[in-house]
Protein chains: 2
Amino acid sequence: MARDSEATRARILDAAEAEFAAYGIAGSRVDRIADAAQANKALIYKYFGTKDELFDAVFAHRVLAFVDEVEFDATDLPGYAGRSFDLYERFPTTLRLTTWYQLERPDGKLPAIVASNDAKLAKIEEAQRAGRLTSAYSPLELLTEVRALAMSWHLHTPELALVRRPSRARCREIVVESVRRLVAQA
Amino acid sequence: MARDSEATRARILDAAEAEFAAYGIAGSRVDRIADAAQANKALIYKYFGTKDELFDAVFAHRVLAFVDEVEFDATDLPGYAGRSFDLYERFPTTLRLTTWYQLERPDGKLPAIVASNDAKLAKIEEAQRAGRLTSAYSPLELLTEVRALAMSWHLHTPELALVRRPSRARCREIVVESVRRLVAQA
DNA sequence: CTAAAGCAAGTAACTAGTTAGTTGTCTTTT
DNA sequence: AAAAGACAACTAACTAGTTACTTGCTTTAG
């Protein structure tokens, strides 16, 4: 090992994350990433391959960190929604990256994400069987609605953002409360 | 062959809608739009200006048609969510265009959308004053959550889409029911 | 000395936007 | 009614700049 390639990789990854979050895959410029990372463009290709592959590396990195950070408890979905909300507030780029990913890589399936989803669905099913969670909805149905509510405040169109948003605490409270109502036993 | 600028404009708009929905602004190619519309590229610039302006025209056109089609009734938000769901199912490009718009035009504010939002917020407030709608949430809060629920099934990551979705009717039912629970008087 | 890290300088292909000119249609003049 | 003029619709070819990706060489650490 001659120089510190790990540090260079990390700088590239950071710069790429900011670039991709801002402009998406098609809109991002590899030159800009190289400049921001203070690294040579050829290194990007050497370490990460094509632009698409660089995006995948960035996305997997960020999303796994995200998934790791928010603990999933099927018997407390309101709490899970609240913690998800907190992370969306703390790392706004995550949701942007995810959205670009959905739009620009509709066929991509990251194994780690698939596994994480499967684990959550299984936990929901288990909680339902134990009678600790409503069975009015299937696991997929529950996960879908809980997620939508957790990110509801971050899906605003520019136009709605003109109206003054409630305080962060209030937004969080609403997310938690609406999930509580969702899973409340009728 | 008679010349008909209206028809040409319409063909360009249609082709541009498909292109932008698929690739976003940065990823779209004006040449591809011209080919698909069987129109010359220069006409696009003549009729619509720059690529960004073409996107705005496409977006305004589609979104206004969408907004016009779904009737808003503040005293029946579950019904409104259900009808929104129906339209997302019928015109899948609408949500894609909206998402590209949020990501790529964060500063854009289409007056028609602002007006439509204001009208909805006012109607919610009125329904609340009349006691025909819960006052547990502010108008903006209600609109935010109802919208998130209405589009919950269309926000899936590619990975979650691997799990088989319930039937359309069932998804709709869930959307309506979850909004009902949201607005239910505690 | 050597192997890997790093870089300047390319290149081929692409892309938004322009230009200068042609074709079809409607209006005016005789 | 027919020729002439006016004007809008339309087009092929182009420009100037950009972009992803590569090559061949230099530098550095062990």
Side-chain angles (χ1 to χ4, degrees), chain A residues 1-61 97 100-101 103-108, chain B residues 1-61 97 100-101 103-108:
Chain A
M1 228 170 298
R3 296 181 217 177
D4 193 347
S5 69
E6 260 328 298
T8 307
R9 273 183 79 101
R11 284 204 317 278
I12 292 173
L13 221 51
D14 280 355
E17 177 169 342
E19 177 81 8
F20 283 130
Y23 303 106
I25 301 178
S28 286
R29 299 296 166 243
V30 179
D31 285 285
R32 259 196 314 240
I33 294 173
D35 280 357
Q38 300 194 68
N40 191 275
K41 188 163 50 152
L43 290 178
I44 295 178
Y45 289 95
K46 189 173 186 172
Y47 294 151
F48 296 101
T50 66
K51 186 163 80 157
D52 279 7
E53 288 167 341
L54 175 59
F55 178 86
D56 285 350
V58 164
F59 182 64
H61 179 262
L97 282 176
W100 290 117
Y101 177 70
L103 287 172
E104 300 193 280
R105 302 233 103 191
D107 301 323
Chain B
M1 167 158 129
R3 292 178 166 191
D4 184 346
S5 71
E6 255 336 290
T8 306
R9 270 183 81 100
R11 284 203 317 280
I12 292 172
L13 221 51
D14 280 356
E17 178 169 342
E19 177 81 8
F20 283 129
Y23 303 106
I25 300 177
S28 285
R29 298 294 167 247
V30 180
D31 286 286
R32 251 189 330 234
I33 294 172
D35 281 356
Q38 299 193 68
N40 191 277
K41 186 161 57 147
L43 287 180
I44 295 178
Y45 288 95
K46 180 170 182 160
Y47 293 151
F48 296 100
T50 67
K51 186 163 81 155
D52 279 6
E53 289 167 342
L54 175 60
F55 179 86
D56 286 350
V58 164
F59 182 64
H61 179 262
L97 282 176
W100 291 117
Y101 178 71
L103 287 172
E104 300 192 281
R105 303 235 102 191
D107 301 324

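Proteins come first, then strands; the chains are lettered A, B, ... in the order of their sequence lines, and each starts at number 1.
For Arg105(B) and Asp56(B), the salt-bridge test passes: some basic side-chain N is under 4.0 Å from an acidic carboxylate O.
Listed in residue order, the members of residues 43-50 of chain B having a heavy atom less than 4.0 Å from DNA chain C are Tyr45(B), Thr50(B). Taking every heavy atom of residues 29-39 of chain A and every atom of DNA chain D, pairs under 4.0 Å involve Arg29(A), Val30(A), by number. Within a heavy-atom distance below 4.0 Å of DNA chain D, no residue of residues 9-25 of chain B is found.
Checked by atom type and distance alone, the side chain of Lys51(A) pairs as donor or acceptor with a backbone atom of Ser28(A) at under 3.5 Å. Between the side chain of Glu19(B) and the backbone N or O of Ile33(B) there is no donor-acceptor pair closer than 3.5 Å.
Residues Leu103(A) and Trp100(B) have side chains in contact (heavy-atom distance under 4.5 Å, counting atoms from C-beta outward). Side-chain atoms of Lys41(B) and Tyr45(B), non-hydrogen and from C-beta on, do get closer than 4.5 Å to each other.
The side chain of Ala42(B) lies closest to dT11(D), out of dT11(D), dT22(D), dC10(D).
Side-chain atoms of Lys41(B) come within donor-acceptor range of the base of dG17(C), with a qualifying N/O pair under 3.5 Å. Put simply, the side chain of Asn40(B) and the base of dA9(D) share no donor and acceptor less than 3.5 Å apart.
Atom CZ of Phe59(A) and atom CD of Glu17(A) lie 10.5 Å apart (nearest 0.5 Å).
Residues Val58(A) and Ala16(A) share a closest heavy-atom pair of CG2-CB, 3.6 Å. Residues Phe48(B) and Ile12(B) come closest through the heavy atom pair CE1-CG2, 3.6 Å.
Only one option out of Leu54(A), Thr8(A), Leu13(A) pairs with Tyr47(A) in a side-chain contact (heavy atoms from CB on, under 4.5 Å); it is Thr8(A).
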